[in-house]
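I have placed the structure first, in the form of C-alpha cells, so that the comments after it can refer back to it.
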Amino acid sequence: MLDVRRLRLLRELAHRGTIAAVAEALAFSPSAVSQQLTALEREAGVALLERTGRRVALTPAAHGLVRHAETVLAVLEQAGAELAGARRGPAGPLRIGTFPSAARVVIPPALVLLAERWPELEPMVAEVDPAGVADLLRAGELDVALVHDYDFVPAPAEPGIASEPLFAEAMYLATAEPGDGPGAGTLAAHAGAPWILATHGTLCHAMTIRACQAAGFTPRIRHRADDFDTVLALVAAGQGVALVPELGLLAPPPAVRLYRLPMSRRTTVAFRQGAGGHPAVAAFGAAVRAALPGNLRSSRNS
C-alpha cells in the first residue's frame with residue numbers, strides 16, 4: 001500500500017523541482033524528504049527518481065504516479081469537506097490569501113459578513129502574489145485565496161487546484177498628460193512616454209508589457225511600484241503613464257486622466273481540488289460575492 005504522505009511529497013517535488021524547496025515548503029529537513037521518497041520507491045517497487053549529483057529528476061513512472069496522487073489527494077479533500085459539513089457550521093481557522101487591491105476593497109466587508117453569520121470561524125488573511133498561490137494551497141499554508149489574471153496573461157491550469165469565477169473589472173490607462181482626439185486614450189498614443197510598471201515577475205508587470213507589445217511597442221520603464229495608490233501618485237506627478245484596474249481607483253488624484261481600455265482583469269476564488277464543498281471555503285466564497293461593490297457584482301462571470 002502506498003503511503004499518502006509520501007505521495008504528497010512526490011507531488012510537491014514534481015511542482016517545486018528540488019528536494020530543498022519541498023523541505024522548506026513543508027517544514028521538513030531535506031534528509032527527511034529524501035528518506036521518505038526512498039521509502040516510497042521501495043513501496044512502489046520501481047525507480048521514481050534519477051539522481052545526478054545534488055539534483056533529482058522524476059522518472060516516467062514517477063510522473064504517472066504523480067497524476068494518480070493528484071486524484072487521491074483531491075478525493076481526500078472531498079472526504080474531509082463532507083465530514084466538516086456533517087458537523088456544525090463553519091468553525092475554526094480559515095487561512096485566506098489575497099492580492100492587495102482585493103484586500104483593501106473586497107476582503108474587509110466579506111470578513112464583517114463572516115463574523116455576523118459564522119462567529120466561530122477564524123479567518124486569517126495574508127497578502128500573497130497570485131503567482132505563488134497554487135504552491136501555498138497545495139502545501140496547506142492557505143485554505144482559499146483570491147487570485148486574478150488578465151486578458152494578456154491568462155491563468156495557467158494548476159494541478160490539484162480548482163477555482164470559481166467571482167467578477168471582472170475594467171482596466172484603465174492613467175496619465176497626467178493632456179490629450180484630445182479619438183486616439184488620446186490608446187496605448188499607442190503613449191508609446192514614447194515613460195511607463196510605471198509593477199515589480200518584475202508579477203502578473204501586473206507581465207500584463208503591461210504584453211498589452212503594450214500588442215499595441216506595437218515595448219514600454220520604456222522609468223519606475224516600478226506594486227501599490228496602485230503609489231502608481232497613481234507617480235502618474236499625477238508627471239512621472240509616467242500606467243495601467244490600473246478598477247479596484248485600484250478608489251481615490252485617483254485630480255491630476256490623473258483615466259481612459260477605459262478594451263481589456264479586463266478577472267478575479268476567481270481558488271482552493272484545493274475537492275475542497276469546494278468545505279463549509280468554511282463555501283462560506284468565504286458566499287461572503288465575498290455578497291460583499292462585492294455594485295459595479296463589480298454586475299460584472300460577475302463576465
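Keep in mind that this is a model prediction, so the values were computed, not measured.
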Value rounded to 0.5 Å, distance of OG in S264 from CZ in F152: 10.0 Å
Hydrophobic cluster identity match, L137 and L9, side-chain contacts under 4.5 Å: no
Spacing of S34 atom OG and I19 atom CD1 [to the nearest 0.5 Å]: 3.5 Å
Exercise: do T98 and R104 side chains pair donor with acceptor under 3.5 Å: no
Heavy-atom pair with the smallest gap, counting every atom of G192 and R220: O-NH2, 3.0 Å
Step-by-step side-chain contact (heavy atoms from CB on, under 4.5 Å) determination, E43 to D3: CA-CA 8 Å; E43 291 174 350; D3 188 287; 3.7 Å; yes
Residue pair E70, R11: steps toward the salt bridge (Lys or Arg N to Asp or Glu O under 4.0 Å) verdict: CA-CA 7 Å; E70 297 285 7; R11 190 270 298 269; 2.9 Å; yes
Closest non-hydrogen atom pair, A275 against V281: O-CB, 3.7 Å
Q213 side chain reached by T218 side chain, heavy atoms, under 4.5 Å: yes
Check against side-chain contact (heavy atoms from CB on, under 4.5 Å), T202 and L197: CA-CA 10 Å; T202 62; L197 269 68; over 6 Å; no
For the student: nearest non-hydrogen atoms of V241 and E177, plus distance: CG1-OE2, 4.3 Å
Validation row: R222, I196 side chains within 4.5 angstrom (heavy atoms): no
Inter-residue atom distance E50.CD - T59.OG1, 0.5 Å rounding: 6.5 Å
Non-hydrogen side-chain atoms of I209 and P219 separated by less than 4.5 Å: yes
Check: F284 and V269 side chains under 4.5 Å, non-hydrogen atoms: yes
Same apolar cluster (I L V M F W Y, side chains within < 4.5 Å links), L234/L173: no
Rounded distance (nearest 0.5 Å) linking atom OG1 of T208 with atom CG of L243: 4.0 Å
Please tabulate, one pair per line, all N/O donor-acceptor pairs under 3.5 Å involving side-chain atoms of residues 123-130, not counting sequence neighbours.
{"unit_1": "D129", "atom_1": "OD2", "unit_2": "A131", "atom_2": "N", "d": "2.9"}

Parallel, tilted or perpendicular, as decided by the 30° and 60° cut-offs, for the rings of H148 and F99: perpendicular
side-chain contact (heavy atoms from CB on, under 4.5 Å) between F28 and V22, worked out: CA-CA 8 Å; F28 285 96; V22 173; over 6 Å; no
Any donor-acceptor pair under 3.5 Å from D149 side chain to P154 backbone: no
Salt-bridge criterion met for D151 and R265 (N-O under 4.0 Å): no
Donor-acceptor under 3.5 Å (E77 side chain, R272 main chain): no
Single-linkage hydrophobic cluster L187~Y150, side-chain heavy atoms < 4.5 angstrom: yes
Under 3.5 Å: donor-acceptor pair, side chain of R8, backbone of A139: yes
4.5 Å side-chain heavy-atom contact, F228 and P245: yes
4.5 Å side-chain heavy-atom contact, E12 and R138: yes
Shared hydrophobic cluster for L2 and L10 (ILVMFWY, side-chain gaps under 4.5 Å): yes
Same cluster (ILVMFWY, side-chain, under 4.5 Å), L114 and L166: yes
Shortest non-hydrogen separation from L232 to G248 and the atoms involved: CD1-O, 3.4 Å
Heavy-atom closest contact (A110 atom, A287 atom, distance): O-CB, 3.7 Å
Sidechain N-carboxylate O distance under 4.0 Å for R289, E164: yes
Reported CG-to-CG distance for the pair D229 and D226, which is rounded to 0.5 angstrom: 12.5 Å
Side chain proximity check, L73 to L7, heavy atoms < 4.5 angstrom: no
Lys/Arg N to Asp/Glu carboxylate O, E24 vs R16, below 4.0 Å: no
side-chain contact (heavy atoms from CB on, under 4.5 Å) assessment of I96 paired with L142: CA-CA 6 Å; I96 301 165; L142 294 176; over 6 Å; no
Geometric class of the H205/H200 ring pair [parallel <30°, tilted 30-60°, perpendicular >60°]: perpendicular
For the student: nearest non-hydrogen atoms of A242 and V235, plus distance: CB-CG2, 4.1 Å
T268 side chain near L146 side chain, heavy-atom distance below 4.5 Å: no
Spacing of CD belonging to Q36 relative to CG belonging to L26, to within rounding of 0.5 Å: 11.5 Å
From CA spacing to verdict: side-chain hydrogen bond (donor to acceptor under 3.5 Å, both in side chains), T38, R6: CA-CA 9 Å; T38 299; R6 293 167 182 161; over 6 Å; no
